[in-house]
Amino acid sequence: MNLLIINDEEITAETMKREISWSDYGIDEVKTAYSASSARKIINEDTVDLMLCDIEMPDEDGIQLLRWVRENDKKIECIFLTCHASFDYAKAAIELDCQDYLLVPAKYETIGNKVKGVVERILKDREDLKYQEFGKKAIQEKMEHAVEVHGEKLNPKQLVENAVGYIMKNLSSQSLSVQEIADSLYLHPYYLNRIFKKYTDSSISQYIISERMKMAATLLSDGHLSANSVSEEVGYKSYSNFNLTFKKYYGCTPSKYADKDDR
């Protein structure tokens, strides 16, 4: 993680660079600039992840520099240092998505901890982005594989219909799950669940429960099976879970539902 310290007082910038143990706060390399123009030159030529920037500088202040960073879509976070608790500065900093705002003089430990907090947020955002990209790639690979297997590209509606068919065919299976259904269609479970909900107004899990409860009600009404047997027939490993789900769905226990006199 690279830090750029920007302060028009050269001694202040270099002392801060030298005396703070930056590696303790997640920083690998520290650069310094003594004006906004020199900071822009460094940003254009090198990698900068975080700016520790003085607001009050001659010619061009820190607010103007951060505005340039945002307008040029530079992926750089910023912590401002200032001697004055100005509402206008704070408002402008918030509008430009400044990560923090410190009044100086401040202890080096305080500055370091602020930097560490922003470093951790940057790393988390990058990790989240990496997983998002991984998910998109995985979905694309699943779709391409499905095309290879099926010989044609199924539209979302057809995929949902195939998923429903698989569910109904395997409704009594205790292993039935979103992952299993997605694997059978060579799709990523997140993608399948998203298009399933779009076309049915229900998640796959909710749909499975609904169809199992309907099937259970039919079997109980028929009267040939006990409530416990019906539980197994509709894919429930635990009777207590089946009992709770059925009661929530129909407002009474399976046994009471099976009793025609009480229905």
Side-chain angles (χ1 to χ4, degrees), residues 70 73-75 77 97 120-222 225 227-254 257-258:
R70 296 290 180 253
D73 199 27
K74 305 288 186 181
K75 305 301 181 184
E77 301 302 341
D97 195 25
E120 288 173 350
R121 286 199 290 273
I122 293 173
L123 293 175
K124 184 180 183 302
D125 289 344
R126 289 179 181 177
E127 191 72 10
D128 290 344
L129 182 60
K130 184 175 74 174
Y131 281 122
Q132 289 173 16
E133 292 302 319
F134 175 79
K136 291 177 184 177
K137 184 179 178 182
I139 289 172
Q140 183 61 33
E141 288 174 352
K142 288 274 190 181
M143 288 293 291
E144 290 173 357
H145 187 49
V147 172
E148 290 176 8
V149 172
H150 297 295
E152 62 177 339
K153 192 169 184 178
L154 299 177
N155 62 46
K157 186 178 179 181
Q158 289 172 314
L159 290 172
V160 171
E161 288 173 353
N162 288 355
V164 169
Y166 188 92
I167 290 169
M168 300 311 297
K169 184 180 178 181
N170 297 275
L171 203 56
S172 61
S173 171
Q174 294 180 356
S175 66
L176 186 61
S177 66
V178 177
Q179 184 67 60
E180 179 185 320
I181 299 163
D183 287 345
S184 75
L185 298 172
Y186 302 96
L187 296 173
H188 192 281
Y190 174 80
Y191 172 75
L192 177 60
N193 211 25
R194 182 161 59 84
I195 62 170
F196 193 95
K197 192 165 188 177
K198 179 180 178 181
Y199 283 90
T200 67
D201 291 323
S202 170
S203 69
I204 294 175
S205 296
Q206 290 169 338
Y207 187 86
I208 291 172
I209 291 172
S210 176
E211 291 304 314
R212 280 178 166 167
M213 291 303 101
K214 292 175 186 176
M215 181 179 176
T218 300
L219 292 173
L220 288 166
S221 296
D222 188 56
L225 295 175
N228 194 65
S229 296
V230 169
S231 170
E232 294 178 2
E233 285 295 319
V234 296
Y236 278 84
K237 191 179 297 184
S238 165
Y239 177 77
S240 60
N241 286 342
F242 168 69
N243 188 60
L244 287 171
T245 305
F246 191 94
K247 189 174 182 180
K248 182 178 180 181
Y249 200 84
Y250 286 105
C252 65
T253 64
Y257 190 93

Neighbour count above 12 (heavy atom, 6.0 Å) for K74 NZ: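 Yes - once you tally the heavy atoms of other residues, nucleotides and ligands closer than 6.0 Å, there are more than 12.
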Side chain to side chain contact (heavy atoms under 4.5 Å, CB included), that's the test. Do E127 and L123 meet it? Break it down for me. CA-CA 6 Å; E127 191 72 10; L123 293 175; over 6 Å; no
Is the shortest side-chain heavy-atom distance between [X] and [Y] below 4.5 Å?
X    : Y    : answer
V230 : F242 : yes
L176 : R212 : yes
P254 : N243 : yes

Between [atom1] on residue [X] and [atom2] on residue [Y], distance to nearest 0.5 Å:
X    : Y    : atom1 : atom2 : value
M215 : M168 : CE    : CE    : 8.0 Å
L220 : S229 : CG    : OG    : 10.0 Å
Q206 : N193 : CD    : CG    : 8.5 Å
I181 : L192 : CD1   : CG    : 7.0 Å
K157 : I195 : NZ    : CD1   : 12.5 Å
C252 : K247 : SG    : NZ    : 9.0 Å

May I have the step-by-step check of side chain to side chain donor-acceptor pair (under 3.5 Å) for S205 and S203, ending in yes or no? CA-CA 5 Å; S205 296; S203 69; 4.9 Å; no
For a quick test of reading the model, state the closest non-hydrogen atom pair linking [X] to [Y] and the distance between them.
X    : Y    : answer
V234 : L219 : CG1-CD1, 4.3 Å
E233 : S172 : O-CB, 2.8 Å
S238 : S240 : OG-OG, 2.8 Å

Quick check against the 3.5 Å criterion: does S231 have a side-chain atom that pairs as donor or acceptor with the backbone of A227?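 No.
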Applying side chain to side chain contact (heavy atoms under 4.5 Å, CB included) to T245 and I209, what does each step give before you reach the verdict? CA-CA 8 Å; T245 305; I209 291 172; 3.7 Å; yes
Side chain to side chain donor-acceptor pair (under 3.5 Å) for Q179 and D183? Distances and angles first, verdict last. CA-CA 6 Å; Q179 184 67 60; D183 287 345; 3.0 Å; yes
Electrostatic pair K214:E211 at N-O distance under 4.0 angstrom: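 Salt bridge: yes.
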Could you work out, with ring-ring contact (aromatic ring centres under 6.0 Å, His included) as the rule, every residue matching Y250, not counting sequence neighbours?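 Expected list: F246, Y257.
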State which residues pass ring-ring contact (aromatic ring centres under 6.0 Å, His included) with F196; sequence neighbours excluded, sorted by chain then number.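 Applying ring-ring contact (aromatic ring centres under 6.0 Å, His included) to F196 gives Y207.
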Given side chain to side chain donor-acceptor pair (under 3.5 Å), test S173 with S175 step by step and report yes or no. CA-CA 5 Å; S173 171; S175 66; 2.9 Å; yes
Let me see the working for Y166 and E180 under side chain to side chain donor-acceptor pair (under 3.5 Å), right down to the final yes or no. CA-CA 10 Å; Y166 188 92; E180 179 185 320; 2.7 Å; yes
